[in-house]
Amino acid sequence: MTLLSAINEVCDVVSLDRFQSVYGNNDPNAQTMVALAQEAGDEISRRGDWSKMLKTQTVSSSPHNLPDDFQRMTPGGAIRTSAGVFLRPVTNSSQWAVIVGVPSTQPYFFVKTAQVLFSPASSAVAAIIEYVSKNWVLTGSSDERATLLADDDTPLFPERLLTKGVLWRWKRQKGLPFDDVLAEFEADLAHELNADRGVA
């Protein structure tokens, strides 16, 4: 399913004529639908650790610059040393100031701005970072990005969630009852997340 087909499915439900093209279309309904699709996709991508959005990166030294598509670390062991030892996260700069430079057998990491800092610094060499990418859009040329820019863009999460995310937002914007559609969206989102993790 593409951006165009997802929006046309919404059009079928809300009794609008289907579009031949939506991205760059001057029709106010098309522009609204594209904006709602972007909003829905951003939310869906943030609410789960979708398998197609999980990425890894190898570190060479500390500090290490995070990749441009970095959204957040994966939960429960986001960084491991080359020997397979998990680094413990430090969540604030005060704790980091106490830990950094203190000899320890336990390696630590701290995310500051767009960098990861390691203590001891030697634990950074060949460490593996597992993270969730902010890029949820797959282009027709198989590139990934975080913004919808073409009719044939597809999401990296189950496509029907995009349709349902646009549908309840459209109804809300038009002042129509949307609680039942939102409830369906939430149930489908929970189901698809579990299925993506292999537990559904």
Side-chain angles (χ1 to χ4, degrees), residues 37-139 141-149 153-159 161-162 165 169 182 185-200:
Q38 183 68 50
E39 185 180 308
D42 288 343
E43 179 196 356
I44 294 163
S45 71
R46 286 191 308 267
R47 290 186 58 188
D49 298 332
W50 300 101
S51 59
K52 291 181 181 177
M53 294 172 60
L54 298 178
K55 308 292 181 186
T56 61
Q57 187 179 53
T58 303
V59 179
S60 59
S61 62
S62 178
H64 174 76
N65 292 329
L66 288 167
D68 292 338
D69 69 332
F70 177 83
Q71 183 182 135
R72 65 182 179 276
M73 295 288 184
T74 58
I79 303 180
R80 63 186 183 277
T81 67
S82 59
V85 176
F86 288 104
L87 281 78
R88 290 184 62 183
V90 175
T91 57
N92 66 60
S93 56
S94 297
Q95 290 175 338
W96 184 251
V98 172
I99 289 171
V100 69
V102 175
S104 172
T105 57
Q106 172 63 56
Y108 295 89
F109 75 90
F110 178 55
V111 177
K112 183 177 182 181
T113 317
Q115 292 185 319
V116 183
L117 308 174
F118 293 78
S119 182
S122 60
S123 64
V125 179
I128 303 293
I129 296 175
E130 295 185 357
Y131 69 97
V132 180
S133 172
K134 66 181 178 183
N135 292 341
W136 61 270
V137 177
L138 184 66
T139 70
S141 58
S142 298
D143 292 326
E144 295 178 5
R145 61 175 178 246
T147 307
L148 293 163
L149 294 176
D153 285 347
T154 59
L156 290 173
F157 48 75
E159 295 91 346
L161 292 177
L162 186 61
R169 284 173 168 83
L182 176 57
F185 167 78
E186 292 292 344
D188 283 349
L189 178 62
H191 173 77
E192 293 293 355
L193 276 171
N194 284 333
D196 193 64
R197 295 179 187 126
V199 296

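Values below: every heavy atom of this structure, side chains too, minus hydrogens, waters and symmetry copies.
For Tyr131, the ring-ring contact (aromatic ring centres under 6.0 Å, His included) partners two or more places apart in sequence, or in a different chain, are Phe70. Scanning for salt bridge (charged side-chain N to carboxylate O under 4.0 Å, His left out) contacts around Arg145 gives Asp153, with sequence neighbours left out.
When all heavy atoms are compared, the tightest approach of Ser123 to Leu87 is OG-CD2, 4.0 Å. Contact record, Gly41 with Leu162: N-CD1, 3.9 Å, taken as the closest heavy-atom pair. Considering every non-hydrogen atom in both Met53 and Ser45, the closest pair reads CE-CB, 3.6 Å. Summarising the geometry of Ala127 relative to Ile79, their closest heavy-atom pair is CB-CG2, 4.3 Å, with the distance given to 0.1 Å. Of all heavy-atom pairs between Glu144 and Leu138, the closest is CG-CD1, 4.0 Å. When all heavy atoms of Glu192 and Pro158 are compared, the pair lying nearest together is OE1-CG, 3.4 Å.
The environment of Arg72 atom CZ is dense: over 12 non-hydrogen atoms of other residues, nucleotides or ligands sit within 6.0 angstrom. Around CG of Asn92, the count of heavy atoms belonging to other residues, nucleotides or ligands within 6.0 Å exceeds 12.
A salt bridge links Arg47 with Glu186; the closest basic N to acidic carboxylate O contact falls under 4.0 Å. Comment: Asp196 does not engage Lys52 in a salt bridge, judged by the lack of any side-chain N to carboxylate O separation of less than 4.0 angstrom.
Looking at heavy atoms from C-beta onward, Pro107 lies in side-chain contact with Val85 at the 4.5 angstrom threshold. Using a 4.5 Å heavy-atom threshold, the side chains of Ser119 and Trp96 count as touching. A heavy-atom distance below 4.5 Å is not found between the side chains of Ser104 and Pro120. You'll find the side chain of Leu117 stays beyond 4.5 Å of the side chain of Val100, heavy atoms only. Side chains of Pro89 and Tyr108 form no contact here, defined as non-hydrogen atoms less than 4.5 Å apart.
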Open item on the list: Applying side-chain contact (heavy atoms from CB on, under 4.5 Å) to Met73 and Ile129, what does each step give before you reach the verdict?
Closed with: CA-CA 8 Å; Met73 295 288 184; Ile129 296 175; 3.8 Å; yes
Task: Test log, rule side-chain contact (heavy atoms from CB on, under 4.5 Å), inputs Phe185 and Ile44 - done: CA-CA 10 Å; Phe185 167 78; Ile44 294 163; 3.8 Å; yes
Task: Step-by-step side-chain contact (heavy atoms from CB on, under 4.5 Å) determination, Val59 to Phe118 - done: CA-CA 10 Å; Val59 179; Phe118 293 78; 3.9 Å; yes
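At distances below 3.5 Å, not a single donor-acceptor pair connects side-chain atoms of Gln115 with backbone N or O atoms of Ser62. Here the side chain of Gln38 pairs a donor or acceptor atom with the backbone of Leu148 at under 3.5 angstrom. The main-chain N or O of Lys134 is never found under 3.5 Å from a side-chain atom of Asp69 such that the two would form a donor-acceptor pair.
Ring geometry, Trp50 versus Phe157: the interplanar angle falls from 30° to 60°, so the pair is classed tilted.
Between the CD atom in Glu43 and the CZ atom in Arg169 there is a gap of 4.5 Å [rounded to 0.5 Å]. A distance of 9.0 Å separates CD of Gln106 from CD1 of Ile99, quoted to the nearest 0.5 Å. In this structure, the separation between CG on Asn135 and CG on Leu156 is 8.0 Å, given to the nearest 0.5 Å.
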